[in-house]
Amino acid sequence: MAQTFLDSNELVLNMGPQHPSTHGVLRVILKLDGERVNGTECVVGYLHRGVEKIAENRTYQMFAPYVDRMDYVASISNGLGYVLAVEKLINVETTPRAQVVRVILTELNRIASHLLWLGTHALDVGAITPLFYTLREREEILKIFENYCGARLTTHAFRIGGLQYELYEGFEREVIAFCDWFMPKVAEYEELLTNNRIWRDRLVGVGILNAADCKRYGVTGPVLRAAGVKWDIRKALPYSGYEKYEFDIPVGTNADTYDRYLVRMEEMRQSIRIVRQAVGAIPEGPIMAKVPKVLKPPVGEAYVSIEAPKGELGYFIVSDGSINPYRLRVRPPSLINLQALDQMVKGALVADVVAIIGTLDIVLGEIDR
Amino acid sequence: MAAEPWDDDLTRALAQQFGNRVERYATYLGQKFLVAEMAAVRDIIEFLKLEAEFDYLVDLTAVDYPNRPKRFEVVYILYSFARNERVRIKCSVAESERPLSVACVHATADWMEREVFDMFGIEFAEHPDLKRLLMPDDWQGFPLRRDVSILAMDNRWVKENLGIESGQ
């Protein structure tokens with residue numbers, strides 16, 4: 001009797017799908033031994049909308065707004081990946097002016113995405129203040145988006161071949177003003193968090209995923225860079241003219257949650273650097289390349305990927321020569337990165353699971369598509 | 001623009017190792033791909049990982065061609081950090097066939113193969129835990145097959161779990 005009473009049976013704890021720290025509808029089944037996590041199982045799909053099936057039933061242009069609904073905090077990145085993939089298939093390159101504007105908006109979107117991540121991640125581990133700060137700054141970016149295309153989140157800012165809208169009067173001034181105003185704000189977050197005792201205690205040494213494991217699990221983005229791998233698709237396989245801009249790839253050394261925080265903070269500064277260079281060099285000219293009204297890419301297939309805020313976002317499109325994609329596959333960075341969760345939380349405490357889910361920066365809309 | 005032949009050190013090394021088990025090496029729009037027989041794919045991926053540093057499986061997916069004798073095409077996209085290049089590997093799979101899982105070579109293939117199983121019904125042999133990823137476990141049918149309409153759904157599941165006659 002005493003034997004069974006003291007038996008260290010695993011306790012199975014269900015976290016989610018309705019749990020604030022899972023950032024959506026993610027269910028994680030935790031196998032616990034006391035406070036220690038022995039293993040996890042993720043259950044995803046609660047937000048599945050069949051985006052890939054929808055693509056097969058829409059024309060190339062009609063499908064473009066749907067991609068914004070995947071990673072809805074970085075919809076401009078989603079849109080950029082999609083239009084680049086279709087442009088590859090039809091072998092069209094967009095105009096220089098459109099390229100530069102795309103870079104500006106995409107980098108602003110990267111900052112917006114990182115800001116939301118920082119605010120919610122801090123909230124998850126108990127720091128409430130940063131959320132109000134980061135949402136305040138994010139608001140300014142969303143205002144720029146709203147002024148540009150009328151939408152704040154699901155923007156549909158780009159079109160296949162270029163841009164839908166010409167820049168509005170005062171765009172450059174607004175973006176530069178934002179850059180000037182934003183840089184001290186990053187220092188402000190760092191002041192609040194970087195040497196904060198509680199913040200460090202919760203993050204340093206938590207959720208380590210080294211470079212070899214990152215590659216095994218196909219993990220990309222800031223998580224891979226925090227493991228010391230200096231790899232960013234903007235540098236490795238440049239697109240949209242990223243080779244013209246000077247910026248650094250921040251890397252970490254300890255591959256833990258704290259390093260991933262530092263990497264993302266630096267990425268925001270680097271994005272500002274890119275935006276400044278781009279705003280100063282917007283060429284004159286048309287915003288749309290010559291693209292047929294009825295789009296029928298030749299039979300064939302292409303895989304195009306970009307460095308989204310979360311990692312490698314890829315589109316694999318198969319064309320059968322008709323107006324609809326024959327098959328469209330999205331390689332979602334959030335889903336692939338989430339797969340490493342099990343490895344990262346093994347041996348950690350229950351409270352760390354929340355920090356580790358936060359540091360992966362997942363968006364369930366993209367995981368489930 | 002048609003696909004062009006692909007010939008370099010890598011294809012020669014592969015040809016030496018796998019001979020006629022690889023049917024074709026080509027590039028399309030500057031992207032390299034090879035078409036191999038299904039049974040050789042895992043060996044090729046392992047060879048590329050160990051001998052040519054293709055250590056990152058970017059994506060694994062499938063395309064359905066219901067009119068072909070072997071209706072599915074499974075697509076693997078590999079990347080090498082050291083060489084900074086991507087290759088695609090494609091193989092045809094009949095409805096009754098079971099390709100070998102590559103999860104033992106690249107751990108990331110686990111969920112990708114589950115998604116392909118979920119959406120197309122392709123079963124991967126030797127997969128550690130093959131079950132649906134996105135759809136409910138007891139769902140009937142495979143949504144991304146081309147002969148499944150976008151409006152089609154598992155009415156039994158909808159009735160039992162949502163308590164409504166139809167989702168439409």
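Heavy atoms only: backbone and side chains are in, while hydrogens, waters and symmetry mates are out. So you know, we letter chains A, B, ... as the sequences are listed, proteins then strands, and number each from 1. As the structure is a computational prediction, the values presented were derived from the model and not from experiment.
- Atom CZ of A:R58 is separated from atom CD1 of B:I150 by 5.5 Å, given to the nearest 0.5 angstrom.
- Taking every heavy atom of both residues into account, A:Q339 and B:D110 meet most closely at OE1-CB, 3.2 Å.
- Counted by atom type alone, B:R86 and A:S305 present one or more donor-acceptor pairs between their side chains at under 3.5 Å.
- Here A:Y303 contributes atom OH and B:R88 contributes atom CZ; the two are 10.0 Å apart, rounded to the nearest 0.5 Å.
- A:D368 touches chain B through backbone and side chain together, each having a heavy atom under 4.5 Å away.
- Using a 4.5 Å cut-off on side-chain heavy atoms (C-beta onward), B:D59 and A:E312 make no contact.
- Here the SG-OH distance, from A:C214 to B:Y56, works out to 10.5 Å after rounding to the nearest 0.5 Å.
- Using a 4.5 Å cut-off between heavy atoms, B:V75 touches chain A through its side chain atoms alone.
- Using a 4.5 Å cut-off between heavy atoms, A:R329 touches chain B through its side chain atoms alone.
- Under the 6.0 Å cut-off for aromatic ring centres, A:W231 and B:Y79 qualify, their centroids lying closer than that.
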With side-chain contact (heavy atoms from CB on, under 4.5 Å) as the criterion, how do B:E85 and A:L237 come out once you've worked through the C-alpha distance, each side chain's angles and the decisive distance to 0.1 Å? CA-CA 9 Å; B:E85 64 179 62; A:L237 304 158; over 6 Å; no

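- Using a 4.5 Å cut-off between heavy atoms, B:S149 touches chain A through its backbone atoms (N, CA, C, O) alone.
- Listed for the A:R216 side chain is no donor-acceptor partner under 3.5 Å among the backbone atoms of B:T108.
- Under a cut-off of 6.0 angstrom, the local environment of CG in B:D129 is crowded, with over 12 non-hydrogen atoms contributed by other residues, nucleotides or ligands.
- Summarising the local packing, CZ of B:R24 is surrounded by 12 or fewer heavy atoms from other residues, nucleotides or ligands at distances under 6.0 Å.
- Contact count against chain A (heavy-atom pairs under 4.5 Å) is highest for B:E115 among B:E115, B:M119, B:H106.
- Only the side chain of A:L224 comes within less than 4.5 Å of a heavy atom in chain B; its backbone stays farther off.
- Heavy-atom contacts from other residues, nucleotides or ligands closer than 6.0 Å to NZ of A:K296 number 12 or fewer.
- Of all heavy-atom pairs spanning A:I336 and B:M112, the tightest one is CD1-CE, 3.4 Å.
- In this structure, the portions of A:Y326 lying under 4.5 Å from any heavy atom of chain B include both its backbone and its side chain.
- Per-residue counts of heavy-atom pairs under 4.5 Å with chain B were compared for A:V219, A:N57, A:L47, A:V43; the largest is that of A:N57.
- Listed for the A:E56 side chain is no donor-acceptor partner under 3.5 Å among the backbone atoms of B:R146.
- Ranked by heavy-atom pairs shorter than 4.5 Å toward chain B, the options A:D320, A:V229, A:T220 are led by A:T220.
- Ion pairing between a basic and an acidic side chain is recognised when a charged N comes within 4.0 Å of a carboxylate O; A:E301 and B:K90 show such pairing.
- A:E52 has its side chain out of reach of B:P143: every pair of non-hydrogen atoms, C-beta onward, lies at least 4.5 Å apart.
- The nearest pair of heavy atoms linking B:L29 to A:A302 is CD1-CB, 4.2 Å.
- Taking chain B as the reference chain and counting heavy-atom pairs below 4.5 Å, the highest number among A:K53, A:K215, A:H48 is found for A:K53.
- Looking only at side-chain heavy atoms (C-beta outward), A:P298 and B:Y28 come within less than 4.5 Å of each other.
- Between chain A and the options B:L133, B:L60, B:V58, heavy-atom pairs under 4.5 Å are most frequent for B:V58.
- No other option in B:V63, B:L134, B:V148, B:I77 has as many heavy-atom pairs under 4.5 Å with chain A as B:L134.
- Remark: A:E243 CD is packed, more than 12 non-hydrogen atoms of other residues, nucleotides or ligands lying under 6.0 Å away.
- Under a 4.0 Å N-O distance rule, the pair A:R327/B:D64 does not qualify as a salt bridge.
- Looking at B:K131 and A:E41, a side-chain N of the basic residue comes within less than 4.0 Å of a carboxylate O on the acidic one, giving a salt bridge.
- Only the side chain of A:V318 comes within contact range of chain B, with heavy atoms under 4.5 Å apart.
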